[in-house]
Undergrad: 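Mind looking over this structure? Questions follow.
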Amino acid sequence: MIRSITQQKPEEELDQLLEGLGRIFIIGCGTCVTLTQTGGGPEIAKMKEKLSQKGKMITGDVVVPVACDNLTRDALDEYGGRIDQADVLLIMTCAFGVQTIARQIKKMVVPALDTLFIGKETSLGEFNEICTQCGTCILGETGGICPVTSCHKGLVNGPCGGTNNGKCEIDKDKECAWTLIYNRLNELNRLDAMRKLQKPRNHQGELSPGKWRLKLETRNP
Amino acid sequence: MVSAFKNALTSGKFVVTSEVAPPKGTNLDKMAHHIELLKDKVDAMNVTDHQSSVMRFPSLGGALLVKEMGGEPILQMTCRDRNRMALEADLLFASQRGINNVLCLTGDAVMFGDHKEAKGVFDLDSSQLVAAIRRLEKGEDLGGNKLDGNVSFCAGAIVTPEANPLEPQLIKFEKKIEAGAEFIQTQAVYDLDNFKGFMDYARQFPVKILAGIILLTSAPMARFMNKNVAGVNVPQELIDEMASAPKGRALSKGIEIAGRMIKRVREEKMCDGVHIMAIGKEEVVPEIMAAAGLD
Ligand code: SF4
Ligand code: SF4
């Protein structure tokens, strides 16, 4: 399952964002941020404690099941009074959740987290970014590994000169995408795919911001 | 017009290139001094492009200075800071000003440099930049539009003969040649027996190869490169040799080693020439060449 991967904003930045806002309602989410331990029950408890120490009043808090779902509005309804009392909503969900809530409730929102990427839990407790939804998918030529995302530079014709022992030049904890692709294609006996000189990518496959509508005739009755 | 560097490459002589680095700022005195020292000694001078992602005076401006001073520039262009439109435009300008040699590089990641929050572009990669040059020469830009006026370049790229793993690097190398690279300057090589092995493979391709020689300035510098520079491998004997130099004589030792290596590359006809990189010590390049018996 794909997950929204987040990390807590630096304390200093959060202090700045909350400056002059004394009463705070905190919202977490039971899905991705619970998994990544950035916005579930325990993290909210810690945040409450920290903010109380700084003299903030917490008017209430809740962990909604799926913050990015439109049903979040109903989940928040029963907290109406406490939300009304707050100067600001401090939202410990990914940015999808923040935007969903901001659209539903007339209050200033402050994200407590930075949303890093949409990723996949590739092994226990490890999340990797594997697709950046570029709009012009080239997985068919790379053995199913995405260089647009997994190569730091998004190169489509093979490795740069910085690749070192199969790792990326920017971080020896990150694999060089082109070593992975080479190994995969080699295994499949399809190195010819890597030998093909790829032309420059189309960066305008879907003009940002993306928008897509279901065609009426294909909609299920 | 065929560039003087291209003529040198095709003449069959042992070609020597070196490099000069534009300054951080507008004071070109030091760079001009290096150009003055080198312009009549080497066949061409690479002008580096925001090397290691550090913002500097542009390589295009530096290449113009080389040209104005009567030298032969090789314009280094990375794909890190410009999209295809900006790269094409700079190529048109370069050509119009008589800068006809280009070394195409992907470019280091932004995070290594001094503008760590900047956006890395990488709209093209090095092989696509070579292909773009060949397309401009056919009178057409990457959008498929006709150009008014001709351009002509001697285009090159790089290879890391000691990359690990090597095979993906070699596939990229072959693609650069397929895209139209006429010359290749290699990453620094120190183990010449290994390099000979690489050349046994590389010789089959229609491309001129200049072996990269980076001047060693001290034993710690050699160890630093081994640890931090991808695909650079200074053998222990050379590190020991550097360490054995008397105090204050490490640089002369480095010059001696570089000279000796170049001499061997030339005598054994390993490849078509050398590219000497004396990072920060450009003024000793003539000494290296003398030590190699090249003056
Ligand atoms: S090429 Fe990569 S980023 Fe683009 S859609 Fe395919 S997997 Fe996603
Ligand atoms: S080291 Fe590999 S993954 Fe990293 S930028 Fe270079 S080619 Fe891409």
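Here is how names work: the chains are called A, B, and so on, in the same order as the sequence lines, proteins then strands, and each is numbered from 1.
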Undergrad: Evaluate the side chain to side chain contact (heavy atoms under 4.5 Å, CB included) criterion for residues B/Phe112 and A/Glu169: first the C-alpha distance (whole Å), next the side-chain angles of each, then the deciding distance (0.1 Å), finally the verdict.
TA: CA-CA 9 Å; B/Phe112 291 115; A/Glu169 70 174 15; 3.6 Å; yes
Undergrad: Do any of residues 149-162 of chain A come closer than 4.5 Å to chain B, heavy atom to heavy atom, and if so which ones, in number order?
TA: A/His152, A/Lys153, A/Leu155, A/Val156, A/Asn157, A/Gly158, A/Pro159, A/Cys160, A/Gly161, A/Gly162
Undergrad: Could you tell me the separation between the OG1 atom of A/Thr163 and the CG atom of B/Leu166, rounded to the nearest 0.5 Å?
TA: 11.0 Å
Undergrad: Calculate, to the nearest 0.5 Å, the distance between atoms NZ and CG belonging to B/Lys176 and A/Leu197 respectively.
TA: 11.5 Å
Undergrad: Using non-hydrogen atoms only, which part of A/Lys199 is less than 4.5 Å away from chain B: side chain, backbone, both, or neither?
TA: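 Backbone only.
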Undergrad: Decide side chain to side chain contact (heavy atoms under 4.5 Å, CB included) for B/Arg84 and A/His203; before the verdict, give the C-alpha distance in whole Å, the side-chain angles of both, and the deciding distance to 0.1 Å.
TA: CA-CA 11 Å; B/Arg84 66 191 81 172; A/His203 292 278; 3.5 Å; yes
Undergrad: Using only non-hydrogen atoms and a strict under-4.5 angstrom cutoff, which residues of residues 182-191 of chain A touch chain B?
TA: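 Contacts with chain B: A/Tyr182, A/Leu191.
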Undergrad: Sorted by first residue and then second, give each ring pair (Phe, Tyr, Trp, His ring centres under 6.0 Å) pair with at least one member in residues 11-38 of chain A; sequence neighbours left out.
TA: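 Passing the test, one end in residues 11-38 of chain A: A/Phe25-A/Tyr79.
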Undergrad: Within residues 106-118 of chain A, which positions have a heavy-atom distance to chain B below 4.5 Å?
TA: none
Undergrad: Surrounding CD of B/Gln236 (heavy atoms of other residues, nucleotides or ligands, distance under 6.0 Å), is the total greater than 12?
TA: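 Yes, enclosed.
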Undergrad: Checking B/Gln187 against chain A: side chain, backbone, both or neither under 4.5 Å from a heavy atom?
TA: neither
Undergrad: Are more than 12 heavy atoms, taken from residues, nucleotides or ligands other than B/Phe205, located less than 6.0 Å from that residue's CZ atom?
TA: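 Atom CZ in B/Phe205 is packed in, count exceeds 12.
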Undergrad: Quick check on B/Asn83 against chain A: is it the side chain, the backbone, both or neither that has a heavy atom closer than 4.5 Å?
TA: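 Contact with chain A is absent: no heavy atom of B/Asn83 under 4.5 Å.
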Undergrad: Between B/Ala109 and chain A, which part of the residue has a heavy atom less than 4.5 Å away: side chain, backbone, both or neither?
TA: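 Interface part for B/Ala109: both.
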Undergrad: Counting only heavy atoms closer than 4.5 Å, note whether A/Arg195 contacts chain B via side chain, backbone, both or neither.
TA: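 When you check distances to chain B, atoms from both the backbone and side chain of A/Arg195 fall under 4.5 Å.
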Undergrad: Chain A: which of B/Val121, B/Asp123, B/Val229, B/Ile158 shares the most heavy-atom pairs with it under 4.5 Å?
TA: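 Highest number of pairs under 4.5 Å: B/Asp123.
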Undergrad: Give a yes or no on this: more than 12 heavy atoms of other residues, nucleotides or ligands lie within 6.0 Å of atom NZ of A/Lys167.
TA: yes
Undergrad: Given that the side chain runs from C-beta out, which part of B/Arg80 has a heavy atom under 4.5 Å from chain A: side chain, backbone, both or neither?
TA: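 Neither part.
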